[in-house]
Colleague: 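Take this structure first; my questions come after.
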Number of protein chains: 2
Amino acid sequence: MTDIPFLMLDDKNSSAPLYRQIYEVIRRAILSGKLISGTRLPASRVLAKQLSVSRLTVVNAFEQLLAEGYTEGKIGAGTFVASKIPEDLLQISGIEKKDQMADLAKGKVKVSKFAKRLTETSAKVSRFQTTSNPVPFKNGLTAVREFPFGIWEKIAVRVYRQSRYKISGYGEAAGYRPLREAVAAHFAASRGVHCDIEQIFITNGAQQALDLIGRVLLEAGDKIWIEDPCYQEALRVFHAVGAEIIPVAVDEEGFNLEKAEKQDDAAKLVYITPSHQYPTGVTMSLARRLSLLEWARKNDAWIIEDDYNSEFRYAGRPLASLQNLDGCGRVIYVGTFSKTIFPALRLGCLVVPRNLIEIFAAARNLCDCHSPIFEQAVLADFIAEGHFARHLRRMRTLYEKRQNILVEEAEKELKELLKISKATSGMHLIGWLAEGFNEYEVAEKAFENGLNLSPLSSYCVENKLSAGVILGYTGFDEKQIKQGIGKLKQILEKGTPSS
Amino acid sequence: MTDIPFLMLDDKNSSAPLYRQIYEVIRRAILSGKLISGTRLPASRVLAKQLSVSRLTVVNAFEQLLAEGYTEGKIGAGTFVASKIPEDLLQISGIEKKDQMADLAKGKVKVSKFAKRLTETSAKVSRFQTTSNPVPFKNGLTAVREFPFGIWEKIAVRVYRQSRYKISGYGEAAGYRPLREAVAAHFAASRGVHCDIEQIFITNGAQQALDLIGRVLLEAGDKIWIEDPCYQEALRVFHAVGAEIIPVAVDEEGFNLEKAEKQDDAAKLVYITPSHQYPTGVTMSLARRLSLLEWARKNDAWIIEDDYNSEFRYAGRPLASLQNLDGCGRVIYVGTFSKTIFPALRLGCLVVPRNLIEIFAAARNLCDCHSPIFEQAVLADFIAEGHFARHLRRMRTLYEKRQNILVEEAEKELKELLKISKATSGMHLIGWLAEGFNEYEVAEKAFENGLNLSPLSSYCVENKLSAGVILGYTGFDEKQIKQGIGKLKQILEKGTPSS
C-alpha cells in the first residue's frame with residue numbers, strides 16, 4: 001500500500017458532505033497523476049481513523065469513486081486506482097488547469113459564419129439602444145405601473161387551478177389554440193388581419209418571429225430591401241442570415257418601390273413597417289401598398305409587415321394592415337404583445353400565408369418546441385374577457401396625455417434648441433436638434449446625466465437625416481418627463497453651438 | 001354621381017359595427033374595380049337614408065376610407081374614389097381572391113436551404129414519437145399529478161406581488177440572474193458541473209440549447225459524430241444546419257472514439273449523452289470520457305454533453321458530468337427542466353466554455369431576446385427554497401416504484417414475448433421482442449389500441465439492433481401500467497410469430 005500523505009481534507013468548514021470531500025480529494029489525486037494506476041488505496045477502516053470520520057463516510061466516498069470508474073476492486077477486498085485510465089490522458093482533465101482557458105484567444109475559437117456575422121453587428125449596436133435602464137426618454141417602455149397585474153394574477157391563479165394538468169405537457173408548435181383564437185379575433189377587429197387560426201403562430205415576441213422568417217425564407221446572398229432608417233434589431237437578423245441588405249430611403253409616403261427597383265431590382269424580400277414607419281412615424285400610402293403587393297406577386301417575393309405598435313393611435317382611425325390587402329399570400333404579418341402587455345412576457349405573433357404554415361411549424365418546433373403554455377393561457381383569457389381591449393383604451397388615453405406633456409414641455413423649455421412635433425400614433429417622437437448640434441454628442445451627454453436618447457442616425461444605414469434624437473414618452477409620468485426635459489435643457493444650453 | 005346600387009349592407013346580423021360594414025362594402029367595391037378612380041360617392045345624408053342608418057354612421061365610414069387613402073376630398077364637399085390608386089394594381093388585392101392560393105403548389109414556394117433540409121427530416125419523424133397523447137408507454141412524460149402545483153402557485157403569486165415591476169421589462173439574454181445562481185448551485189451539487197454564473201444560459205428547454213449550439217458552432221458541410229442510436233430531435237437540429245452526420249454505433253461503454261476516428265477523423269463536434277445514453281441507457285466509461293476530452297483538445301473540437309435525465313438515478317450514485325472533467329473549455333453542457341418540473345414550462349440550461357459566452361449571448365438575443373422572466377423567477381425560488389430537491393427525491397422514489405411495476409408486470413404477463421430488464425436510471429426501458437416480431441408492426445398495432453411504443457430502430461441511423469420497443473413508465477400509475485401491459489399482451493399473443 002502506497003503511503004498517501006496528501007490525503008487530508010482541504011477544508012473542514014466546507015459545506016459539501018464529508019464523503020464528497022474525501023471523494024473529491026482522491027479523485028483529484030488520480031486525475032493529477034499523484035495516484036497512479038494500480039495504486040492500492042488504504043482500507044476504509046484505516047482511512048476513517050486517519051481522517052477522524054466514520055467508516056461509513058469513507059465507504060460512501062469509495063463507492064462513488066468505484067461507480068465513476070476511478071477505482072477498481074471489491075470493497076473490503078482492497079480498492080485500486082483503475083488500470084484502464086490511460087496516464088497520458090490524465091494531464092488534460094481539468095479542475096486545476098483553468099488557466100488553459102487563456103490560450104483560447106477570442107479569434108482562435110472556431111464558430112459558424114452566422115456567429116461571425118452576428119459578432120460584426122453586435123459591435124455596432126448603440127449602447128443607447130441596449131441599456132435596459134428605464135430612464136427618460138428610453139424608447140419602447142410601457143407604463144408598467146398602470147398594467148392591471150391584479151386581474152392578471154387572478155386569471156393566473158384560476159388557470160393554475162383549473163387547467164394545470166391540461167397545460168403542463170408539450171403543446172402545439174404554433175401555440176396554445178385558445179390564445180391563437182383570441183389573437184385572431186383581436187387582430188381581425190383592430191388591424192383588419194384576415195386569416196385562419198392555422199395561419200397564426202404565437203412566438204416569443206416579435207424578435208423570434210423575425211428570426212424564424214430569416215431562417216425559413218432567406219439564404220446567404222439573398223437580396224432584401226429594408227427601410228432606411230430602420231428597426232436595427234430586424235436588420236441584425238437579416239445580416240446574421242447573410243442576406244445582402246439594400247437600404248431604401250423612406251420618404252413621406254413610406255417605403256418607395258420605384259426607388260428600390262432603381263437601386264437593385266432583384267430583392268427577394270422586403271421588410272417594412274407600413275402603419276407607422278420605425279422610427280420616422282410615416283404611414284405608407286395605399287398606392288404604395290398596392291404597388292408593393294403587385295411587385296411581390298410578380299416576383300414571387302415576400303413582404304414582412306412589422307405592425308409593431310399600431311395599437312397606439314391617438315387621432316384619426318387606425319389604418320388596416322397591409323396583410324388585409326394581400327390576396328396572393330405574399331405578406332407575413334408580425335405583431336407583438338411586448339408593448340401592449342409587458343416585454344418580459346415574451347409573446348408576439350406571426351401570421352403566415354397558407355403555403356408556409358407547415359414549414360414554419362417545423363422550424364418553430366426545431367427552435368424551441370413552442371412558447372411556454374401557462375402564460376399563453378393567461379393571455380388568452382385576458383384578451384377573451386375584454387381586459388386587453390380595456391387596457392389598450394386606457395393606455396391610449398394615458399400615452400396621448402404623456403405625449404402632450406412632452407411636446408408642451410419641450411416647446412416651453414427647449415424652444416429652438418429641440419423641436420418636437422406631435423404624432424398621431426406610436427410610443428416615441430423625434431426631437432430635431434438646432435443646427436450645429438451633433439446628435440451623438442448630445443446623446444452621450446444625456447447618457448452621462450441619467451437620460452436615454454437615441455441618435456436618429458443610429459437607425460440609419462445610408463440615409464442622411466437632419467440631426468435628431470428619439471424620445472420615448474410612454475414609460476414616464478408627468479414628473480419624470482418634466483425633470484427629463486429640465487436636464488436636457490441644461491445639456492443643450494451648455495452645449496449650444498453658439499456658445 | 002354614379003349610381004351605386006350594390007351599396008347595400010351584406011349582412012344585417014353581422015356583429016361588426018355598422019360604420020365598419022359600410023366601409024367594408026365600399027372598400028371592396030373600390031378594390032374589385034366596381035368603383036373606379038374619380039367616382040363620386042353619394043352624399044353621406046343620401047346614403048344614410050338609403051341604408052336606414054344614422055348620418056354619423058356613414059360619416060364614420062367615410063372618414064375611415066379617407067384615412068386609408070381609398071377616397072379623396074373633404075367631407076361635406078364631396079367624396080371621390082382616390083385618383084392615385086393605379087387601376088391595374090387593384091386586381092391583385094385580395095379579399096375575394098383567396099383561391100389564388102391554390103396556384104401556389106407546395107413545391108413552388110421558395111424557401112431557404114435550412115427549410116428544405118428541415119422538410120426532409122420532418123417526413124421521417126416517427127408519429128409514435130410526435131403524438132402528444134399521454135397514453136402508456138409514451139416516453140418522457142412526468143408524473144404531472146404529483147407535481148406540487150400548490151407550492152408553485154403560492155410562489156407565483158408572491159413573485160407577482162413582490163417583483164411585478166422589477167421583472168416585467170426586458171432582461172438579460174443569458175437569463176434571470178437569481179435563476180442562474182440557483183441552477184449553478186443545483187448542477188454543481190447534483191452533477192458536479194463547475195462553472196461561473198456567466199457561463200450559464202437559461203434556454204427555452206434543451207431544444208433551444210441544441211439549436212443555439214448548431215447555429216453558433218456549425219456550418220453546412222461540417223462533420224459531426226453522433227451516437228447511434230441517438231436522440232432524434234438533436235439529429236434534426238444538426239441536419240437542418242447542414243452538418244454531415246457520422247453515426248457511430250454505441251457499445252457497452254457508450255460512444256467509441258476509436259471506432260469514430262476509423263469512420264471519419266475530421267469531425268468538428270460530437271454530440272453525446274454520457275450519463276445515460278439515449279435510448280440504450282449505457283453509461284460512458286471514465287477512460288472513454290478522458291479520451292474524448294483529449295481528442296477535443298487536440299482537434300479544437302466541441303463536445304456537447306446532453307445530460308437529459310441524469311436526475312433520475314435509482315441505484316448506486318449518480319456519476320459526475322463530463323463537463324466536470326473538462327479543463328480545456330471544450331464541453332458544452334445541456335440540461336433541462338422539462339422532465340423535472342414540467343414540459344410546458346419550456347426551461348432548460350446551457351453551460352458554455354468562457355470563450356463562447358459572448359457569442360452565445362448575442363445569438364440568444366437575436367433568436368428571441370430571452371426566456372419569459374416571470375416563470376424564471378418562480379423556478380428560481382422553487383429551487384432556492386428546497387422544493388425542487390424535495391420534488392426530485394419524491395419522484396425518484398415514485399419512478400423507481402413504477403419501473404418495478406412495469407418490469408414485474410411484464411415478466412408475469414408477457415414472459416418470453418417481451419423481455420424487459422431493469423435500469424438504474426432514466427425514465428424508460430427497452431423491451432426486447434421475441435424473435436420473429438417486427439417492431440414497427442407491434443408499434444403500429446399498439447398505436448391502434450391506444451398505446452404508444454417507439455420502435456427502437458426509429459432511433460437508429462445505421463445501427464442494426466435486435467427488435468425492441470421503448471417503454472416510458474414515469475408518466476403512468478400502477479393501474480395504467482397494468483392495463484397497458486394487458487393490452488400489449490393481447491397484441492403480442494395475437495401476432496405471435498409462431499401463430
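Chain A is the first sequence line, chain B the second, and so forth, proteins listed ahead of strands; every chain is numbered from 1.
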Colleague: Sort out for me which of F360(B), Y176(B), Y160(B) touches chain A most, counting heavy-atom pairs under 4.5 Å.
Modeller: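 Among the listed options, the one with the most contacts to chain A is Y160(B).
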
Colleague: So which of T142(B), V144(B), V216(B) has the largest heavy-atom pair count under 4.5 angstrom toward chain A?
Modeller: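 Max contact count across the listed options: V216(B).
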
Colleague: Under a 4.5 Å heavy-atom cut-off, does chain B meet the side chain of E253(A), its backbone, both or neither?
Modeller: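 Looking at E253(A), just its side chain touches chain B.
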
Colleague: So which part of L217(A) gets closer than 4.5 Å to some heavy atom of chain B, the side chain, the backbone, both or neither?
Modeller: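 Contact with chain B: backbone and side chain both.
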
Colleague: Decide yes or no for Q208(B) and C367(A): does some side-chain heavy atom of the first lie under 4.5 Å from some side-chain heavy atom of the second?
Modeller: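 Q208(B) does not reach C367(A) side chain to side chain.
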
Colleague: Compare every heavy atom of G169(A) with every heavy atom of A344(B), then report the nearest pair and how far apart it is.
Modeller: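 So the two residues come closest at CB-O, 3.2 Å.
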
Colleague: Quick one: what part of D222(A) sits under 4.5 Å from any heavy atom of chain B, side chain, backbone, both or neither?
Modeller: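 Neither; nothing under 4.5 Å.
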
Colleague: Got a donor-acceptor contact below 3.5 angstrom from the E219(A) side chain to the K113(B) backbone?
Modeller: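 Yes; at least one donor-acceptor contact below 3.5 Å.
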
Colleague: Is it the side chain or the backbone of A220(A) that comes within 4.5 Å of chain B heavy atoms, both, or neither?
Modeller: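 Neither part.
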
Colleague: Sort A362(A) into side chain, backbone, both or neither according to what part of it lies under 4.5 angstrom from a heavy atom of chain B.
Modeller: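 Interface part for A362(A): both.
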
Colleague: Going from OH on Y170(B) to CZ on F342(A), what distance comes out if it is rounded to the nearest 0.5 angstrom?
Modeller: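 With rounding to 0.5 Å, OH (Y170(B)) is 12.0 Å from CZ (F342(A)).
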
Colleague: With a 4.5 Å limit on heavy-atom distance, are the side chains of S371(B) and R346(A) in contact?
Modeller: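 They are not in contact (no side-chain heavy atoms under 4.5 Å apart), so the answer is no.
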
Colleague: Non-hydrogen atoms of chain B under 4.5 Å away: do they reach the side chain of R145(A), the backbone, both or neither?
Modeller: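 The answer is both parts of R145(A).
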
Colleague: Quick one: CD on E358(A) to OG1 on T119(B), what's the gap to the nearest 0.5 Å?
Modeller: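 Nearest 0.5 Å value for the CD-OG1 distance: 8.0 Å.
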
Colleague: Is it the side chain or the backbone of S168(A) that comes within 4.5 Å of chain B heavy atoms, both, or neither?
Modeller: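 Its backbone and side chain both get close to chain B.
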
Colleague: Please work out which of the three classes, parallel, tilted or perpendicular, describes the rings of F149(B) and Y165(A), given edges at 30° and 60°.
Modeller: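 Plane angle over 60°, so perpendicular.
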
Colleague: Below 4.5 Å from any heavy atom of chain B, which atoms of T203(A) appear? Answer side chain, backbone, both or neither.
Modeller: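 For T203(A), no heavy atom lies under 4.5 Å from chain B.
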
Colleague: Does any non-hydrogen side-chain atom of V109(A) lie less than 4.5 Å from one of W302(B)?
Modeller: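 W302(B) vs V109(A): side chains touch.
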
Colleague: Tell me, side chain or backbone of L366(B) under 4.5 Å from chain A's heavy atoms, or both, or neither?
Modeller: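 Both backbone and side chain.
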
Colleague: Counting only heavy atoms closer than 4.5 Å, note whether L356(A) contacts chain B via side chain, backbone, both or neither.
Modeller: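 The answer is the side chain of L356(A).
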
Colleague: Name the region of A320(B), side chain, backbone, both or neither, that has any atom closer than 4.5 Å to a heavy atom of chain A.
Modeller: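 A320(B) touches chain A through backbone and side-chain heavy atoms alike.
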
Colleague: Name the member of I373(A), I341(A), L210(A), L345(A) that forms the most heavy-atom pairs with chain B at distances under 4.5 Å.
Modeller: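 Ranked by heavy-atom pairs under 4.5 Å with chain B, first place is I373(A).
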
Colleague: Checking R164(A) against F147(B): charged group under 6.0 Å from the ring centre and within 45 degrees of the axis?
Modeller: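 Cation-pi check for R164(A) and F147(B): fails.
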
Colleague: Only pairs of heavy atoms separated by less than 4.5 Å count here; which of R161(B), R288(B), K116(B) has the most with chain A?
Modeller: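 Most heavy-atom pairs within the cutoff with chain A belong to R161(B).
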
Colleague: Apply side chain to side chain contact (heavy atoms under 4.5 Å, CB included) to residues Y70(A) and L286(B) and explain how you reach the verdict.
Modeller: CA-CA 7 Å; Y70(A) 289 97; L286(B) 182 64; 3.3 Å; yes

Colleague: If you measure only the distance, is there a donor-acceptor pair under 3.5 Å linking the side chains of N324(A) and R27(B)?
Modeller: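 There is such a pair (donor and acceptor under 3.5 Å, judged by atom type) between the side chains of N324(A) and R27(B).
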
Colleague: Contact part of A363(A) toward chain B, heavy-atom cut-off under 4.5 Å: side chain, backbone, both or neither?
Modeller: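 For A363(A), heavy atoms of backbone and side chain both lie under 4.5 Å from chain B.
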
Colleague: I'd like to know whether Q207(A) forms a side chain to side chain contact (heavy atoms under 4.5 Å, CB included) with N365(B), so could you lay out the CA-CA distance, the side-chain angles of the two residues, the decisive distance to 0.1 Å, and finally the verdict.
Modeller: CA-CA 9 Å; Q207(A) 187 67 27; N365(B) 190 266; 5.8 Å; no

Colleague: Which heavy atom of S112(A) sits nearest to which heavy atom of L218(B), and what is that distance?
Modeller: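 That would be CB-O, 3.2 Å.
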
Colleague: Any ion pair linking D211(A) and R215(B) (charged N to carboxylate O, less than 4.0 Å)?
Modeller: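 So R215(B) pairs with D211(A) through a salt bridge.
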
